[in-house]
Amino acid sequence: MISNRSQIRVLCVDDHQFLTDGLAARINLERDMTCVGCLSSAEGLVERAAETRADVVMLDLEMPGPDSLDMLDKLTHGQENIRVIVLSAHVRDHLIDQALKNGAAGYFSKNDSPSVIIEGIRKVATDQRAFGNDVEQRMQKSTSGGETQLNSKLQELSPREMEVLRLIGAGLSRADIARQLYRSLKTIDAHHTSIMRKLDIHDRAALTRYAIQEGVCVG
C-alpha cells in the first residue's frame with residue numbers, strides 16, 4: 001500500500017508508443033496519480049521501477065525483448081511495494097491465470113475505458129485486486145475469505161488433462177497423443193471425454209478451437 005505520498009506513481013510498459021503516450025496523458029490528468037515513465041519493452045523493467053519509485057506498473061504481455069511474465073514474477077516477488085496491472089489486447093483464461101500466479105494485482109483489456117483503468121490503478125494501489133469488464137466475467141469470489149479467484153474452467157482440469165488438451169490444440173490425433181504420452185488409446189479417450197465434460201464442449205473441433213483461442217497449445 002502506498003504510504004506518505006500524495007500521488008500514485010505509475011510506470012507504463014508497452015511497445016506501442018501511441019498507447020503509452022495516451023495512457024500517460026490520461027494518468028497525468030488525475031490529481032492523485034502521475035506517470036513516472038514509459039518503457040517499450042520489459043528490458044530493465046525491475047531496475048527502472050526501482051529508479052522511478054513506481055507504485056503501480058502497467059504491463060503489456062506481448063512485447064519484444066524479455067518475457068513479460070518472467071519480468072512480472074521478478075518484479076512482484078523482488079519489490080513487495082510494487083503492484084502490477086496487466087494491460088493486454090488478449091483476455092484469455094490461460095493468460096489471466098498465468099498473470100495472477102506470477103503476482104499480478106490486476107488485469108485489464110486494452111478495450112476497457114480509460115476511466116475503468118484509472119479506477120483499477122487506484123484499487124491496486126490500496127492492496128486490492130482490480131479487473132476490467134471482460135476479465136471480471138471470468139472471475140468469481142471464492143467461498144473462503146472472499147478472495148477473488150479466476151473462474152476458469154481450465155482450473156478444473158488435471159495436469160494430465162491439460163497436457164492432452166494442449167496436444168489436441170496442436171493438432172495431434174488420438175493415436176499421436178497416445179504415443180507421445182505413452183498411454184493407451186482407451187486412456188486418452190477417457191481424458192478426452194473428461195475434458196469435454198469439464199469444459200462443457202461437445203465436439204473435438206470446438207475443443208481444438210478453444211485450446212487455440214485460450215493459448216493452451218502455445219509453448
Side-chain angles (χ1 to χ4, degrees), residues 1-63 65-66 68-69 71-91 95-96 98-141 145-150:
M1 179 184 296
I2 298 171
S3 60
N4 301 321
R5 287 190 189 171
S6 60
Q7 290 186 315
I8 304 166
R9 300 172 65 84
V10 185
L11 177 63
C12 300
V13 188
D14 195 295
D15 62 325
H16 292 95
Q17 186 177 351
F18 180 79
L19 186 145
T20 53
D21 287 350
L23 186 57
R26 181 64 177 81
I27 287 169
N28 287 331
L29 289 175
E30 303 298 314
R31 289 186 175 184
D32 61 340
M33 61 183 68
T34 183
C35 179
V36 295
C38 298
L39 292 176
S40 59
S41 81
E43 184 76 40
L45 173 56
V46 174
E47 293 78 11
R48 186 65 181 277
E51 291 170 2
T52 58
R53 297 181 294 120
D55 300 302
V56 177
V57 173
M58 304 294 297
L59 179 66
D60 187 16
L61 290 183
E62 296 186 345
M63 297 181 291
S68 293
L69 285 168
M71 289 298 105
L72 167 60
D73 181 68
K74 291 179 181 179
L75 192 61
T76 55
H77 292 95
Q79 302 185 46
E80 61 181 21
N81 293 324
I82 293 180
R83 302 291 179 263
V84 179
I85 294 175
V86 169
L87 182 60
S88 177
H90 303 290
V91 176
L95 291 176
I96 299 168
Q98 283 185 307
L100 294 181
K101 286 178 179 177
N102 283 30
Y107 196 116
F108 289 80
S109 164
K110 291 182 180 180
N111 291 325
D112 284 313
S113 69
S115 60
V116 169
I117 295 171
I118 291 296
E119 186 56 33
I121 293 173
R122 291 194 178 99
K123 284 184 177 180
V124 302
T126 56
D127 287 337
Q128 301 179 65
R129 283 188 168 184
F131 305 99
N133 296 328
D134 291 342
V135 179
E136 190 70 41
Q137 295 177 9
R138 298 171 181 248
M139 307 295 290
Q140 66 180 357
K141 294 288 184 179
E147 181 184 356
T148 305
Q149 294 182 342
L150 179 64

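Numbers here are sequence positions counted from 1. This structure is a prediction, so every number in the text was calculated from the model and none was measured.
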Roughly how far, to the nearest 0.5 Å, is the CE atom of Met33 from the CZ atom of Arg26? 8.5 Å

Check for a donor-acceptor pair, side chain of Asn133 on one end and backbone N or O of Asp112 on the other, with a separation under 3.5 Å. no

Roughly how far, to the nearest 0.5 Å, is CG of Leu72 from NE2 of His77? 8.5 Å

Non-hydrogen side-chain atoms of Phe108 and Ile85 separated by less than 4.5 Å: yes

Going through the checks in order, is the side chain to side chain contact (heavy atoms under 4.5 Å, CB included) test met by Asn81 and Arg53? CA-CA 9 Å; Asn81 293 324; Arg53 297 181 294 120; over 6 Å; no

Can you find a pair of side-chain heavy atoms, one from Leu45 and one from Leu59, that are under 4.5 Å apart? yes

Are any of the side-chain heavy atoms of Ile27 and Cys12 separated by less than 4.5 Å? yes

Which atom of Ala99 lies closest to which atom of Val86, heavy atoms considered: CB-CG2, 4.0 Å

What's the spacing between Ser88 OG and Glu62 CD if we round to 0.5 Å? 6.0 Å

How about Asp14 and Met58: do any of their side-chain heavy atoms sit closer than 4.5 Å? no

For residues Ser41 and Met63, report the shortest heavy-atom separation together with the two atoms involved. CA-SD, 3.9 Å

Closest non-hydrogen atoms of Pro66 and Met71, given as atom of the first, atom of the second and distance, are CB-CG, 4.1 Å

Would you find a donor on one side and an acceptor on the other, under 3.5 Å apart, between the side chain of Thr76 and the backbone of Asn102? yes

Partner of Val124 under side chain to side chain contact (heavy atoms under 4.5 Å, CB included), picked from Ile8, Asp55, Val56, is Val56

Separation between CG of Asn28 and CD of Gln7, rounded to the nearest 0.5 Å: 8.0 Å

Any side-chain heavy atom of Gln98 sitting closer than 4.5 Å to one from Leu61? no

Which heavy atom in Ala49 sits nearest to a heavy atom in Val57, and how many Å separate them? CB-CG2, 4.4 Å

So which atom in Arg48 and which in Gly37 form the shortest heavy-atom distance, rounded to 0.1 Å? NH2-CA, 4.0 Å

CD on Glu30 to OG on Ser115, rounded to 0.5 Å: 9.5 Å

Using the salt bridge (charged side-chain N to carboxylate O under 4.0 Å, His left out) rule, collect all pairs that involve residues 98-107, keeping only residues at least two apart or in two chains. Asp97-Lys101

Could you report the tightest heavy-atom contact between Glu136 and Phe131, atom names first, then the distance? OE1-CB, 3.7 Å

Using the test side chain to side chain donor-acceptor pair (under 3.5 Å), find all partners of Asp60 that sit at least two apart in sequence or belong to another chain. Lys110

Do the side chain of Arg9 and the main chain of Val36 share a donor and acceptor less than 3.5 angstrom apart? no

pair Arg122-Asp32: side-chain heavy atoms closer than 4.5 Å: yes

Check whether any side-chain heavy atom of Leu19 sits under 4.5 Å from a side-chain heavy atom of Leu87, and report yes or no. yes

With rounding to the nearest 0.5 Å, note down the distance linking OG1 in Thr52 to CG in Leu39. 8.0 Å

